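Encoded as structure tokens, the structure appears first; notes follow it.
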Number of protein chains: 2
Amino acid sequence: MPDNAPPPAPAGRQDLAAMIVPLGRNLINAELPVLRAHDLAMWGYSVLLRLDDEPVRTQAALARDIGADKTRIIAILDDLDDRGWIRRQPDPDDRRARLLSLTPEGRRVRDSVQSAIQENEERLLARLDPADRKGFLNALQFLAALPAEEFTDEPVADD
Amino acid sequence: MPDNAPPPAPAGRQDLAAMIVPLGRNLINAELPVLRAHDLAMWGYSVLLRLDDEPVRTQAALARDIGADKTRIIAILDDLDDRGWIRRQPDPDDRRARLLSLTPEGRRVRDSVQSAIQENEERLLARLDPADRKGFLNALQFLAALPAEEFTDEPVADD
DNA sequence: TATTGTTATACTCTATAACTATA
DNA sequence: TATAGTTATAGAGTATAACAATA
């Protein structure tokens, strides 16, 4: 037990996961109509989001980053490629690897979907007390950025 | 667009779902070793949590409350019943229904698991700025209590 | 031999449909 | 006939294993 612990609040609140997981499910459900309107699936959107920041050098790295499997994203990449939303170019330096990048059209789709989604999210956040809203976003950004190993005492499968 | 909207912060942050869903996954992963130590699966733990507050009158209601399917919880209830952690008594007033309740042993297991889980969660929350932590929990409790319909403009399947 | 991408296969999870009993 | 619980089946989603190309 940590020595600086405030009262462990054993019955004071639900488990974080018990609140966060269903909340995530509701947020996903709110995204689905938007995604459907652009004929896009959740994994496809995840790929577009990940590629926005910077191109990615291998499909395996992309898969890992979005929490998927390298075998699972292939059909997704095929689909995005067919529509001209991403490019898959063989790396000249290592022809085994594929340089993944967003096309201008892909970026346009991504921006359009994301602003619709975030507009809806802002509608929810607007219902919060301003101070809570700020603390919520600060804390969420911090926690979401924590590497997976930080969540368990036990080492998580990580080799 | 809401008239009181602050700047929609289009590129300012990730989508809420994109932060919350992976965070939920990490929190679940952190729970798994604890659950395994009690030879309990996630759905079983969900059932114990739901039964804690008050007994439930039908299995279908229990399933709905924990976001499961009435056919899916049967094996889970069988298992919890076999271990003596829950009771399934036919309702004398309507012998089709099963009154579901926690046994003292079930409550003991639930408490033990939950305090281990929340102890770990407190370790994470302790890393937050105190004001953020408070805002985070306030906002989370509010958002987690929102009914599913509040998340979409479109009516969600609800008949 | 090791790695990237790919395909094929098997497995797990979940939902749909059909059945029994009570009402 | 309708509802609660149960069982059996089918489907979607996911991971594991084997393969081809390149290093």
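Not measured: the values here are computed from a predicted model. Letters A, B, ... are given to chains in the order of the sequence lines, protein chains preceding strands, and every chain is numbered from 1. Heavy atoms only: backbone and side chains are in, while hydrogens, waters and symmetry mates are out.
Using a 4.0 Å heavy-atom distance criterion, B/D94 is classed as a sugar-phosphate-only contact.
Contact check, B/W43 against C/dT14: a side-chain N or O comes under 4.0 Å of OP1 or OP2. Residue A/R98 places no side-chain N or O under 4.0 Å from the OP1 or OP2 atom of C/dT3. OP1 or OP2 of C/dT6 sits under 4.0 Å from a side-chain N or O of A/R88.
When atom types are taken as modelled, the side chain of A/D129 and the backbone of A/D132 share a donor-acceptor pair closer than 3.5 angstrom. Counting only distance, with no hydrogens or angles, the side chain of A/T103 and the backbone of A/G84 share a donor-acceptor pair below 3.5 Å. Side chain of B/S46 to main chain of B/M42: a donor-acceptor pair is present (N/O by atom type, distance under 3.5 Å, no hydrogens or angles).
In this entry the distance linking CZ of A/R25 with C1' of C/dT14 reads 12 Å, nearest Å. Atoms CZ (A/R57) and P (D/dT22) sit 16 Å apart, rounded to a whole Å. Rounded to a whole Å, the CZ atom of A/R72 is 17 Å from the C1' atom of D/dA17. What separates CE of A/M42 from P of D/dA12 is a distance of 19 Å, to the nearest Å. The distance from atom CZ of B/R96 to atom P of D/dA2 is 13 Å, rounded to the nearest whole Å. Distance, B/Q59 CD to D/dT3 P: 17 Å, rounded to whole Å. If you take NZ of B/K70 and P of C/dT20, they are 15 Å apart, rounded to a whole angstrom. When rounded to the nearest whole Å, the span between CG of A/L77 and P of C/dT6 equals 7 Å.
Where B/A97 and A/R95 meet DNA chain D, the nucleotide closest to each residue was compared, and B/A97 sits on the side nearer the 5' end. Of the two residues contacting DNA chain D, namely A/T71 and A/D93, the nearest-nucleotide position lying further toward the 5' end is that of A/T71. Nearest-nucleotide positions on DNA chain C place A/L100 closer to the 5' end than the other of B/G67 and A/L100.
Nearest nucleotide to the side chain of B/A60, out of D/dT16, C/dT6, D/dG5: D/dG5.
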Determine, step by step, whether A/E121 and B/R13 satisfy the salt bridge (Lys or Arg N to Asp or Glu O under 4.0 Å) criterion, reporting the C-alpha distance in whole Å, the side-chain angles of both residues, the deciding distance to 0.1 Å, and the verdict. CA-CA 11 Å; A/E121 290 177 347; B/R13 60 163 171 83; 2.9 Å; yes
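Looking at B/L77 and B/R88, their side chains come closer than 4.5 Å, going by heavy atoms from C-beta outward.
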